[in-house]
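Note that ligands are numbered from 1 as they come in the structure, with each ligand's atoms numbered from 1 the same way.
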Amino acid sequence: MKFEDLNLIKNIQQALAEEGYEAPTPIQEQAIPIILEGIDLVGCAQTGTGKTAAFAIPIINNIHRIVGSNKKVKYIRALIVTPTRELALQIGESFDTYGKYTNIRQLTIFGGVNQVSQVDQLKKGVDVLVATPGRLLDLHKQGHINLDHMHHLVLDEADQMLDMGFINDVKKIIKLTPENRQTLLFSATMPIPIRELADSFLTKPQYVSVTPISSTAEKVKQQVYFVDKGDKRKLLYHLIRNESLNNVLVFTRTKHGADNVVKALKKNGVESGAIHGDKSQNSRQRVLDAFKNKEIPVLVATDIAARGIDIESLPYVINFDLPNIPETYVHRIGRTGRAGNSGLAISFCGSDELTYLKDIEKLIKMKIKVIDGHPYPFDANAPKPEGQKPDLRNKPKNTNQRSGKAKPAGGGDGSRKSEASKKNKKRWY
Ligand code: AMP
């Protein structure tokens with residue numbers, strides 16, 4: 001199928017051609033005709049499948065048919081609710097890109113920044129409002145947002161909104177919108193509360209799904225390193241230096257953890273930056289731009305902050321900590337292998353994280369390949385009383401059987417790595 005077959009206005013087709021989009025992705029192929037018809041939709045799609053364009057394109061198409069070249073009178077006709085600022089910015093940019101040959105004006109609003117310029121823009125009038133839940137409710141309460149003319153409501157990354165505790169805000173927002181709206185709900189996973197949300201607020205929705213629920217991106221190679229918690233930073237540095245990893249997105253469970261990783265890498269001459277909820281919007285954007293422009297080789301992020309990151313061809317994702325929610329693992333590794341590119345997702349698993357690993361493997365219905373030829377296996381470096389063997393009680397029993405004689409990532413030679421790692425070790429202390 002081609003974009004021409006989807007009956008889209010020329011203005012959009014031209015913008016898509018300039019973006020180099022040759023054909024719709026599977027989610028776009030399925031969702032666009034349904035949305036153009038005005039039917040409610042539940043889309044089960046991972047990030048990286050082209051789902052933003054799947055809803056942005058038909059919404060722009062529909063609004064353009066109504067507003068045409070009228071630049072003056074503006075009403076909010078589409079509202080997109082999304083969990084994070086980064087994701088909101090990315091969606092806003094997509095509307096700008098696909099709608100650049102229309103008169104449609106979009107505004108992106110989110111918390112953590114002064115509201116004055118957002119309110120000014122709202123006063124001037126916008127057709128599409130992209131918002132995070134808190135700021136949206138805030139500005140609505142203050143009387144700056146009128147949703148009476150809204151027709152398209154998109155709930156994006158619904159499962160993440162659930163994880164972040166936004167579900168009640170989302171329900172409140174839905175109640176502020178006209179009943180005759182079209183509602184589109186997108187989610188990478190479909191936990192029960194999300195299905196209930198769809199049942200309560202959508203009218204006879206059609207369901208489209210591009211990957212089976214919770215399946216991981218097929219092109220992503222996945223590996224796990226069993227490593228002591230205290231050795232994770234050394235292992236990270238070892239991999240970045242010895243495997244010459246560039247363009248690496250590192251996930252940590254906490255903001256504090258993210259800052260610590262950045263500090264440790266810096267101490268060893270590896271430039272990186274962190275993005276998380278405690279960083280100002282400007283600082284996040286600066287770091288993200290530096291990473292995208294390849295000025296820094298490593299970006300460290302917490303799950304929430306990483307949600308909206310859209311970087312094409314991201315080759316490496318490292319789970320410095322394993323997430324305690326298995327679905328989060330799916331989201332994380334979906335950051336690599338995007339838009340048809342291949343990727344490698346490396347996970348560090350400490351002895352306290354074995355149950356998380358088990359849950360993840362259960363969810364993705366496969367065993368992740370274990371890499372055991374690395375210099376920091378469980379407890380190997382721990383000082384032991386004389387004559388006592390290293391304590392390997394926590395080492396998973398089947399590690400070797402599962403992995404075989406796996407080489408470290410990059411397929412390098414083990415002895416070279418041990419030598420190099422000795423050098424690294426010196427620098428670490
Ligand atoms: P998303 O799933 O919305 O985060 O999109 C993932 C990436 O795919 C983004 O970088 C888009 O620019 C890109 N993309 C979306 N649709 C297409 C398409 N039809 N052809 C090529 N790239 C696309």
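A donor-acceptor pair shorter than 3.5 Å cannot be found between the side chains of S283 and Q285.
Polar contact check, E22 against ligand 1: no nitrogen or oxygen pair lies under 3.5 Å apart. Residue G50 places at least one N or O, backbone or side chain, under 3.5 Å from an N or O of ligand 1. Here's the thing with Q28: one of its N/O atoms is less than 3.5 angstrom from an N/O atom of ligand 1.
In this structure, K232 satisfies the cation-pi test against F320, with its NZ or CZ atom closer than 6.0 Å to the six-membered ring centre and inside 45 degrees of the ring normal.
Those atoms of ligand 1 with a heavy atom of F3 less than 4.0 angstrom away are 19 (N).
At least one heavy atom of A23 sits closer than 4.0 Å to an atom of ligand 1. At least one heavy atom of Q90 sits closer than 4.0 Å to an atom of ligand 1.
For residues 142-200, the ring-ring contact (aromatic ring centres under 6.0 Å, His included) pairs, not counting sequence neighbours, are F55-F186, Y75-H149.
Counting only distance, with no hydrogens or angles, the side chain of T328 and the backbone of N324 share no donor-acceptor pair below 3.5 Å. Panel note: side chain N61, backbone I9; a donor-acceptor pair is recorded below 3.5 Å.
Of the heavy atoms in F55, none comes closer than 4.0 Å to ligand 1.
The number of heavy-atom neighbours closer than 6.0 Å to CG of N7, taken from other residues, nucleotides and ligands shown, is 12 or below.
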